[in-house]
Amino acid sequence: MSTLYTTEAISTGDGRNGEVRTADGVLDELLAVPKEMGGPGGDRTNPEQLFAAGYAACFHNGMRLIAGQQKVKLGESTVRSTVSLITLDNGGFSLKVALSAHLPGLDQATADQLVEATHQVCPYSNATRGNIEVTLEATV
């Protein structure tokens, strides 16, 4: 195992109503608790949105990599990551994720196989496997 990349993020202020930025300053976002959770919402992001964006981008990149390795020609594909914050019976919290890949021009069997193969190599999928519920969907 070798490290390909390392990054660092810093949270300041009041956590979910604070600020998060990367050490290099490329990402610098103000955070707000969503209205659905009793917060102000508005034009500020939240940790679940950041996780959803990262998972969607990483999965999409992995899918394009796998498609190339399998000689599958992808057109204008998209990946939607829906992240939900859920309560647990023990009073704690967790996440659940639904990934939906839209792969126009492929047959359903190829699309399903590609999404499943991507789920085996995506770093986010590997990090969450066995820890949170992740559902997959491929549409053509």
Side-chain angles (χ1 to χ4, degrees):
M1 178 171 49
S2 64
T3 301
L4 297 176
Y5 173 72
T6 300
T7 189
E8 180 179 289
I10 302 136
S11 172
T12 58
D14 188 22
R16 286 182 167 274
N17 283 311
E19 181 179 4
V20 65
R21 67 181 181 283
T22 53
D24 62 8
V26 171
L27 178 81
D28 191 344
E29 293 291 330
L30 296 173
L31 305 175
V33 174
K35 283 185 179 185
E36 297 86 347
M37 293 173 54
D43 62 354
R44 295 182 177 188
T45 191
N46 61 66
E48 290 72 34
Q49 287 178 330
L50 294 169
F51 186 79
Y55 204 159
C58 189
F59 196 89
H60 198 192
N61 186 75
M63 190 174 62
R64 297 193 76 77
L65 174 73
I66 298 295
Q69 291 173 346
Q70 295 181 357
K71 309 282 191 266
V72 173
K73 185 166 171 56
L74 285 184
E76 292 294 320
S77 58
T78 59
V79 173
R80 177 185 307 268
S81 173
T82 304
V83 173
S84 299
L85 180 65
I86 59 173
T87 57
L88 300 173
D89 292 339
N90 67 4
F93 301 92
S94 189
L95 301 173
K96 71 176 183 178
V97 177
L99 293 172
S100 179
H102 183 59
L103 304 162
L106 297 185
D107 62 84
Q108 190 64 53
T110 301
D112 290 342
Q113 180 278 327
L114 182 59
V115 167
E116 187 55 46
T118 302
H119 190 50
Q120 298 308 310
V121 300
C122 174
Y124 279 70
S125 293
N126 286 328
T128 59
R129 187 172 290 108
N131 297 311
I132 66 171
E133 178 185 339
V134 177
T135 59
L136 305 174
E137 175 187 48
T139 61
V140 294

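Treat the numbers as computed from the prediction; the structure is a model and nothing was measured.
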Problem set entry | Donor-acceptor pair, side chain of N17 and main chain of G13, under 3.5 angstrom | no
Exercise. Rounded to the nearest 0.5 Å, what separation is found between the OG1 atom of T45 and the CD atom of E29?
Worked result: 6.0 Å
Exercise. Given side chains that start at C-beta, do those of L27 and T7 come closer than 4.5 Å, heavy atoms only?
Worked result: no
For this session: Indicate yes or no for a side-chain donor-acceptor contact from R129 to the backbone of H119 under 3.5 Å, with no hydrogens or angles considered.
Result: yes
For this session: Decide yes or no for L95 and I86: does some side-chain heavy atom of the first lie under 4.5 Å from some side-chain heavy atom of the second?
Result: no
Exercise. Taking everything shown except R64 itself, do over 12 heavy atoms lie less than 6.0 Å from its CZ?
Worked result: yes
Problem set entry | NE2-OG1 distance between H102 and T78, expressed to the nearest 0.5 angstrom | 6.0 Å
Seminar exercise, completed: In terms of heavy-atom contacts, I10 and A23 come closest through CD1-CA, 4.1 Å
For this session: Mind checking the CE-CG spacing from M37 to N46? Nearest 0.5 Å is all I need.
Result: 7.5 Å
Exercise. Any donor-acceptor pair under 3.5 Å linking the side chain of S100 with the backbone of R80?
Worked result: no
For this session: Inspect the surroundings of CD in E76 and state if more than 12 heavy atoms from other residues, nucleotides or ligands are less than 6.0 Å away.
Result: no
For this session: Find the distance between OG (S11) and CG (L31) and round it off to the nearest 0.5 Å.
Result: 6.5 Å
Seminar exercise, completed: Rounded to the nearest 0.5 Å, the CD1 atom of I66 sits from the CZ atom of F59 at a distance of 9.5 Å
Problem set entry | Taking every non-hydrogen atom, the tightest pair across S77 and H60 | OG-NE2, 2.7 Å
Problem set entry | Residues that T128 engages under side chain to side chain donor-acceptor pair (under 3.5 Å), provided they are two or more places apart | none
Exercise. Is there a side-chain contact between T12 and R21, using heavy atoms and a 4.5 Å cut-off?
Worked result: yes
For this session: Carefully, step by step, assess L114 and L74 under the rule side-chain contact (heavy atoms from CB on, under 4.5 Å).
Result: CA-CA 11 Å; L114 182 59; L74 285 184; 3.9 Å; yes
Problem set entry | Neighbour count >12 (heavy atoms, 6.0 Å) for atom CG, N90 | yes
Problem set entry | Electrostatic pair R16-E48, nearest N-O below 4.0 angstrom | yes
Exercise. Between D112 and L136, is any pair of side-chain heavy atoms under 4.5 Å apart?
Worked result: no
Seminar exercise, completed: Rounding to 0.5 Å, atoms OG (S125) and CD (E116) come to a distance of 9.0 Å
For this session: Quick one: closest heavy-atom pair of S81 and V97, and the distance?
Result: OG-CG1, 3.9 Å
Exercise. Is there a side-chain contact between C122 and Y55, using heavy atoms and a 4.5 Å cut-off?
Worked result: yes
